[in-house]
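One structure below.
The chains referred to below are lettered A, B, ... by the order of the sequence lines, with proteins before strands, and numbering in each begins at 1. Atom set for the values below is all heavy atoms of this structure, side chains included, hydrogens, waters and symmetry mates excluded.
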Number of protein chains: 2
Amino acid sequence: MAGTTSTVSGTAAASSRTRRAPADKHDARRNQLAESALTTLGELGYARTSLREIANNSEFSHGVVHYYFHDKLELIVYCVRYYKAQCVTRYDAVVSDSTTAEGLLDAFAAKLVETLRDEAPMHRLWYDLRTQSMFEESLREAVTMIDATLEEMIWRVVSRYAELAGRPTAMTPSAAYAVLDGLFQQALLGHLVGQPQALDQIASQVHGLMPLMLAPAPS
Amino acid sequence: MAGTTSTVSGTAAASSRTRRAPADKHDARRNQLAESALTTLGELGYARTSLREIANNSEFSHGVVHYYFHDKLELIVYCVRYYKAQCVTRYDAVVSDSTTAEGLLDAFAAKLVETLRDEAPMHRLWYDLRTQSMFEESLREAVTMIDATLEEMIWRVVSRYAELAGRPTAMTPSAAYAVLDGLFQQALLGHLVGQPQALDQIASQVHGLMPLMLAPAPS
DNA sequence: CGAAACCCTTGACGACTGTCAAGACTTTCC
DNA sequence: GGAAAGTCTTGACAGTCGTCAAGGGTTTCG
């Protein structure tokens, strides 16, 4: 199991300067552990994930976690922030590539269905952590920051949708995020429980809801 | 609220035959333990709640739980169902007492704020359990049943609101529940995190959203 | 009264957890 | 080469968990 890491770093930039990368290598290990942790967390949830299980899903032993992270909470928070960077730009292509309101709506709904299908474990982990922050104060800072980032992400979609439709928005960013998040969470639950129509349903629901976020057409 | 019938029958016939109530007393103890468990669960969350802690919040010792429940999961599921009975009728008075659409909307928003303020621990417990059901299959049956019941509860409000407004509904029960649940969950999180404006915000957001659930006025 | 059923406490079990110290192994650098 | 720094494993610690058996206490009823 062990020793594989040395082969990786050895085969990579062995020619020029294999050394002289203390902080970089340190961060690389932290990210590597974070990815193993995120896999385990998405599989088992926050409560049932132990440091030994995280280490089992990596190529290291359980003691190494405490070498790179002060304690379990620091690892979790690091994971949450690491995860954030991956999902914030999820809909940026949708916003920039669309030229009509209907096209943006279709692309947005399709992207929702796609991430719901392909990244369900990560999404349920996010909802798990956000709910745990209702009980555990130490999670709140990271959760609040990510929640704000997600709200901004959604608002970029909604405001661009309004711009393309030529109609002003009729909701606050906060409300728009909340209602779309409610639909998404319901679809995620339905999808995980095994309802086959959950994916189609979220698409049609979003198609029905988004026009309501704009002021009525002047007509 | 749930097992009130058995309690009543037990106290009523106490004079004539104090005995002959094995199932009734058994159920009363189960409900008593369920209430202690719900208090603890609302305080600590599902993950950090142990049977010993539940027993500490009651007047019994930790071993008694296993006398009335086969295992921890049976207690939790029993608690969830017990909790359901208390919240399903929450908005029934709002529906039956309102005579105008505006009056219903005001009363509904006020009730949302009230339960958000007074019963926050129970609400975060519900969201905790619903999220845990995304990971733990054994919780799904009870959670799915309660979720459907809540959706019906919300739909009674929305459809009555449409009736009073003289306009047809423009959303499915599923979508109406999802968007309102999203707003509620956001407000709960904000309230628990200490945002003072969370309660006022949910009221105004609901006032803005509910009219959008109806077909546009004929004008 | 005395047997029997019921209720509850106590204490212990094996398993699991986060944490951390001790040491082996590897890499870096003079 | 050899000291020094960095990296990782191993093993153990104190604690908590769900579970359950053994045995008092209490109540019920013939």
Can you check whether R29(B) has a side-chain N or O nearer than 4.0 Å to OP1 or OP2 of dC8(C)? yes
Just so I know, are the side chains of N56(B) and T40(B) near enough to count as touching, which here means a heavy-atom distance under 4.5 Å? no
Pairing residues for M153(B) by the side chain to side chain contact (heavy atoms under 4.5 Å, CB included) criterion, not counting sequence neighbours: Y91(B), L150(B), R156(B)
What is the distance from CD1 of I54(A) to C1' of dT17(C), rounded to the nearest Å? 12 Å
Is there side-chain contact between L189(A) and Q186(A), with heavy atoms separated by less than 4.5 Å? no
In whole angstroms, how far is the P atom of dT7(D) from the CG atom of D27(A)? 11 Å
Here the distance between atom C1' of dG18(C) and atom CZ of R48(A), to the nearest Å, is 18 Å
Does the side chain of Y127(B) pick up a donor-acceptor pair with the side chain of D181(B) at under 3.5 Å? yes
Please determine, for the side chain of H26(B), which listed nucleotide (dC7(C), dA12(C), dC8(D)) has the closest atom? dC7(C)
Give the rounded distance in Å between these two atoms: NZ of K25(B) and P of dC6(C). 12 Å
Using a cut-off of strictly less than 4.0 Å, decide whether S61(B) has a side-chain nitrogen or oxygen near OP1 or OP2 of dC8(C). no
Check the distance between dT9(C)'s C1' and F60(B)'s CZ and give it to me in whole angstrom. 12 Å
Is there a donor in the side chain of S174(A) and an acceptor in the side chain of Q205(B), or the other way round, less than 3.5 Å apart? yes
Return the residues of residues 63-74 of chain B meeting this criterion: a heavy atom under 4.0 Å from some atom of DNA chain C. Order them by number, or give none. G63(B), V64(B), Y67(B), Y68(B)
Please state whether the base of dG11(D) and the side chain of H62(A) form at least one donor-acceptor pair under 3.5 Å? yes
Should the ring pair H123(A) and F184(A) be called parallel, tilted or perpendicular, given that the plane angle runs from 0 to 90° and is split at 30 and 60? perpendicular
Quickly work out the R52(A) CZ to dC13(D) P distance and round it to whole Å. 14 Å
Separation of dC6(C) C1' from R30(B) CZ (nearest whole Å): 16 Å
Is the distance from OP1 or OP2 of dC16(C) to the nearest side-chain N or O of S50(A) less than 4.0 Å? no
Could you tell me whether the side chain of L212(A) reaches within less than 4.5 Å of the side chain of V179(A), counting heavy atoms only? no
Please report, rounded to the nearest Å, how far the C1' atom of dC16(C) is from the CG atom of L51(A). 12 Å
